**Q** 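First, the structure itself, so that you have it in front of you.
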Amino acid sequence: MIYRDFQDMKLSALGLGTMRLPVIDGDDAKIDEKAAAELIDYAMEQGINYYDTAWGYHNGNSELVVGRALKKHPREKFYLASKFPGYDLSNMDKVKEIFEKQLEKCQVEYFDFYLFHNVCEMNIDDYLDEKHGIYDYLMEQKKNGRIRHLGFSAHGGLEVMKRFLEKYGKDMEFCQLQINYLDWKFQQAKEKVELLKEYDIPVWVMEPLRGGKLAVVGEEYEKELKGLRPEEGVPAWAFRFLQSLPEVKVILSGMSSMEQLKDNIHTFEEDHPLNEKEMEAILHIADRMLEK
């Protein structure tokens, strides 16, 4: 497993996202807890030490299942992240209530990483409105050691990120962004990374495979990629692209099967960033995908 330095920590470059755990009968609210626990046990065994959950994942059940699965492992062996659910404006005045419940659900006394979730056009005014007390409360929990590292995830545009950073940037230790070779231009991911560099904020990546879209590409594109790296599978190219970005520390993948988990762990056994020719090729493929 590749590890990345973050402050005094070594984080596994591959993190396990828990938004797409295995489910029963296709019902997102019904997590197959036995299968999910097997995934987490195997991930721990293979050196993955970063686990990302959230209040709303799997209809509120992700934190419960992740908490129970990690409980059997020593607390110092894993880093756990959760998030304040600002995607629902009715939560804005409930930060204390929600945070306390999250600790209880996850069966931990502190979160290693905690995020303002889904900073976007819909909620930026509320996130910046001090009357809700979200920032003050979370900073207090950090002071008390119940949040070790505070950050945010951004789903909005560049201007929204600028507004958030102008107010809170000095206290943000990391930012979670949707980055993949398709969104590098399409969602201005490149410009967002450059903005974060101005604040010296490292990047966590979500949706590296764009919800699975980049795990299987057209035959034409696959042939091109195989010509450059015959030994590399299609999904690995998305991860190698991200390994090529020095700002990226953790790449979160929502793995829902043991096959996916094992395949991704194999990719992260070594750093193999893209060279200039390969980077040019993958971005050219992205351009053609977007044209279609």
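Just so we're clear, the structure is a prediction, and the values are computed from it rather than from any experiment. Just the heavy atoms: all of them, side chains too, but no hydrogens, waters or symmetry mates, feed the values below.
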**Q** Between Pro235 and Leu209, is any pair of side-chain heavy atoms under 4.5 Å apart?
**A**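 Yes, close enough: below the 4.5 Å cut-off.
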**Q** Look only at the side chain of Ser244 and the backbone of Leu274, and say whether a donor-acceptor pair between them is shorter than 3.5 Å.
**A**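 Answer holds: yes.
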**Q** A quick test of your reading: do over 12 heavy atoms of other residues, nucleotides or ligands sit less than 6.0 Å from CD of Glu259?
**A**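 At most 12 heavy atoms, drawn from other residues, nucleotides or ligands, come within 6.0 Å of this atom.
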**Q** Quick one: does Lys249's side chain have a donor or acceptor within less than 3.5 Å of a partner on Asp5's backbone?
**A**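 Yes: the side chain of Lys249 pairs with the backbone of Asp5.
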**Q** When you measure from the side chain of Glu278 to the backbone N and O of Asn275, does any donor-acceptor pair fall under 3.5 Å?
**A**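 Yes; at least one donor-acceptor contact below 3.5 Å.
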**Q** Do the side chain of His149 and the main chain of Tyr114 share a donor and acceptor less than 3.5 angstrom apart?
**A** no
**Q** Does the pair Asp171/Lys142 count as a salt bridge with the N-to-O cut at 4.0 Å?
**A**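 Looking at Lys142 together with Asp171, the answer is no, because their closest N to O distance does not fall below 4.0 Å.
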**Q** Determine, stepwise, if the pair Gln141 / Phe99 fulfils side chain to side chain contact (heavy atoms under 4.5 Å, CB included).
**A** CA-CA 9 Å; Gln141 302 320 302; Phe99 183 79; 3.8 Å; yes
**Q** Does a side-chain heavy-atom distance below 4.5 Å link Leu196 with Leu165?
**A**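 The answer is yes, as the side chains (C-beta and beyond) meet within the 4.5 Å cut-off.
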**Q** Salt bridge or not for Lys167 and Glu130, using N-O below 4.0 Å?
**A** yes
**Q** Using a strict threshold of under 4.0 Å (side-chain N to carboxylate O), is an ion pair present between Arg146 and Glu109?
**A**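 Salt bridge between Glu109 and Arg146, a charged N being under 4.0 Å from a carboxylate O: no.
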**Q** Is a salt bridge present between Arg4 and Asp271, judged by a nitrogen-to-oxygen distance below 4.0 Å?
**A**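 Looking at Arg4 and Asp271, the cut-off is met.
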**Q** What I want to find out is whether Asp25 reaches Lys30 closely enough, with some N-O distance under 4.0 Å, to be called a salt bridge.
**A** no
**Q** Look only at the side chain of Asn123 and the backbone of Asp126, and say whether a donor-acceptor pair between them is shorter than 3.5 Å.
**A** no
**Q** Evaluate Lys94 against Asp88 for salt bridge (Lys or Arg N to Asp or Glu O under 4.0 Å), listing each step before the verdict.
**A** CA-CA 11 Å; Lys94 302 175 184 175; Asp88 181 347; over 6 Å; no
**Q** Near Glu280 CD, under 6.0 Å, is it more than 12 heavy atoms from other residues, nucleotides or ligands?
**A** no
**Q** Do Leu80 and Leu70 have side chains that get closer than 4.5 Å, going by heavy atoms?
**A**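 In short, these two side chains touch, coming nearer than 4.5 Å.
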**Q** For the pair Phe6 and Phe113, evaluate ring pair (Phe, Tyr, Trp, His ring centres under 6.0 Å) and give the outcome as yes or no after the intermediate values.
**A** CA-CA 12 Å; Phe6 171 74; Phe113 296 87; 5.7 Å; yes
**Q** Indicate the ring-plane relationship of Phe78 and Tyr51, choosing parallel, tilted or perpendicular according to the 30° and 60° boundaries.
**A**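 Perpendicular, since the angle between the ring planes exceeds 60°.
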**Q** Asn91 and Pro85: which non-hydrogen atoms are nearest, and at how many Å?
**A** ND2-O, 3.0 Å
**Q** Would the number of heavy atoms belonging to other residues, nucleotides or ligands and lying under 6.0 Å from NZ of Lys223 be above 12?
**A** no
**Q** What verdict does the side chain to side chain contact (heavy atoms under 4.5 Å, CB included) test give for Trp55 and Lys101, after you've listed the backbone C-alpha separation in whole Å, the side-chain angles of each residue and the deciding distance to 0.1 Å?
**A** CA-CA 9 Å; Trp55 179 258; Lys101 188 66 178 175; 3.8 Å; yes
**Q** Going by an N to O cut-off under 4.0 Å, is there a salt bridge joining Lys170 and Asp200?
**A**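 Salt bridge flag = no for Asp200 with Lys170.
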**Q** Grab the two heavy atoms, one from Arg229 and one from Arg240, that are nearest each other, plus how far apart they are.
**A**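 So the two residues come closest at NH1-CG, 3.6 Å.
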**Q** Determine, stepwise, if the pair Leu225 / Glu222 fulfils side chain to side chain contact (heavy atoms under 4.5 Å, CB included).
**A** CA-CA 5 Å; Leu225 297 176; Glu222 186 171 351; 5.7 Å; no
**Q** Any side-chain heavy atom of Ile147 within less than 4.5 Å of one from Glu140?
**A** no
**Q** Does Phe186, at its CZ atom, have more than 12 non-hydrogen atoms belonging to other residues, nucleotides or ligands within less than 6.0 Å?
**A** no
**Q** Between the side chain of Lys105 and the main-chain N/O of Gly60, is any donor-acceptor distance below 3.5 Å?
**A**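 Side chain of Lys105 to backbone of Gly60: a pair is present.
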**Q** So does Lys162 pair up with Glu159, basic N to acidic O under 4.0 Å?
**A**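 Looking at Glu159 together with Lys162, the answer is yes, because their closest N to O distance falls below 4.0 Å.
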**Q** Taking the side chain as C-beta and beyond, is there a heavy-atom pair between Val119 and His155 under 4.5 Å?
**A**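 Answer no - side chains too far apart.
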**Q** I want to check a possible cation-pi pair here: Arg148 against Tyr110, using under 6.0 Å from ring centre and within 45° of the ring axis as the test.
**A** yes
**Q** Is the backbone of Leu14 close enough, under 3.5 Å, to the side chain of Ser12 for a donor and an acceptor to pair up by distance?
**A** yes
**Q** Counting N and O atoms only, with roles assigned by atom type, does the side chain of Tyr127 sit under 3.5 Å from a partner on the main chain of Gly86, one being a donor and the other an acceptor?
**A**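 Side chain of Tyr127 to backbone of Gly86, a donor-acceptor pair under 3.5 Å: yes, one is there.
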**Q** For atom CD of Glu276, decide whether the heavy atoms of other residues, nucleotides or ligands shown that lie under 6.0 angstrom number more than 12.
**A** no
**Q** Hey, is the main chain of Asp183 close enough, under 3.5 Å, to the side chain of Gln187 for a donor-acceptor pair?
**A**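 Between the backbone of Asp183 and the side chain of Gln187 there is no qualifying donor-acceptor contact (under 3.5 Å).
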**Q** Could you walk me through whether Glu100 and Lys96 satisfy the side chain to side chain contact (heavy atoms under 4.5 Å, CB included) test, starting with their C-alpha distance in whole Å, then the side-chain angles of each, then the deciding distance to 0.1 Å, before giving a yes or no?
**A** CA-CA 6 Å; Glu100 296 294 344; Lys96 180 178 180 180; 4.3 Å; yes
**Q** Would you say CD of Glu219 has more than 12 non-hydrogen atoms from neighbouring residues, nucleotides or ligands within 6.0 angstrom?
**A**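 No, because the 6.0 Å sphere around CD of Glu219 holds 12 heavy atoms or fewer from other groups.
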**Q** Quick check: do Pro208 and Phe239 have side-chain heavy atoms less than 4.5 Å from each other?
**A**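 A side-chain contact exists here, since the closest heavy-atom pair is under 4.5 Å.
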**Q** Is the closest basic N to carboxylate O distance between Arg210 and Glu207 below 4.0 Å?
**A**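 Answer for the salt bridge query: no.
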**Q** Any donor-acceptor pair under 3.5 Å linking the side chain of Glu247 with the backbone of Pro202?
**A**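 Answer holds: no.
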**Q** Mind checking whether Phe241 and Trp184 have parallel, tilted or perpendicular rings, split at 30° and 60°?
**A** perpendicular
**Q** Can a salt bridge be assigned to the pair Glu38 and Lys34 using a cut-off of 4.0 Å between side-chain N and carboxylate O?
**A**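 Yes, charged N to carboxylate O under 4.0 Å.
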**Q** Show your working on salt bridge (Lys or Arg N to Asp or Glu O under 4.0 Å) between Arg20 and Asp28 and close with a plain yes or no.
**A** CA-CA 8 Å; Arg20 299 188 180 98; Asp28 190 61; over 6 Å; no
**Q** Inspect the contact between Asp136 and Lys131 and indicate whether a charged nitrogen and a carboxylate oxygen are less than 4.0 angstrom apart.
**A**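 A salt bridge is absent here (no side-chain N lies under 4.0 Å from a carboxylate O).
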**Q** Can you classify the ring geometry of Phe164 versus Tyr168 as parallel (below 30°), tilted (30 to 60°) or perpendicular (above 60°)?
**A**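 Geometry flag for Tyr168 against Phe164: perpendicular rings.
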**Q** Are any non-hydrogen side-chain atoms of Leu195 and Leu158 less than 4.5 angstrom apart?
**A** yes
**Q** If you measure from CG on Leu16 to CG on Asp52, what distance do you get to the nearest 0.5 Å?
**A**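 Those atoms lie 8.5 Å apart.
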**Q** Any side-chain heavy-atom pair from His73 and Asn49 closer than 4.5 angstrom?
**A** no
**Q** May I ask you to decide if the ring planes of Phe174 and Trp204 are parallel, tilted or perpendicular, using 30° and 60° as cut-offs?
**A** tilted
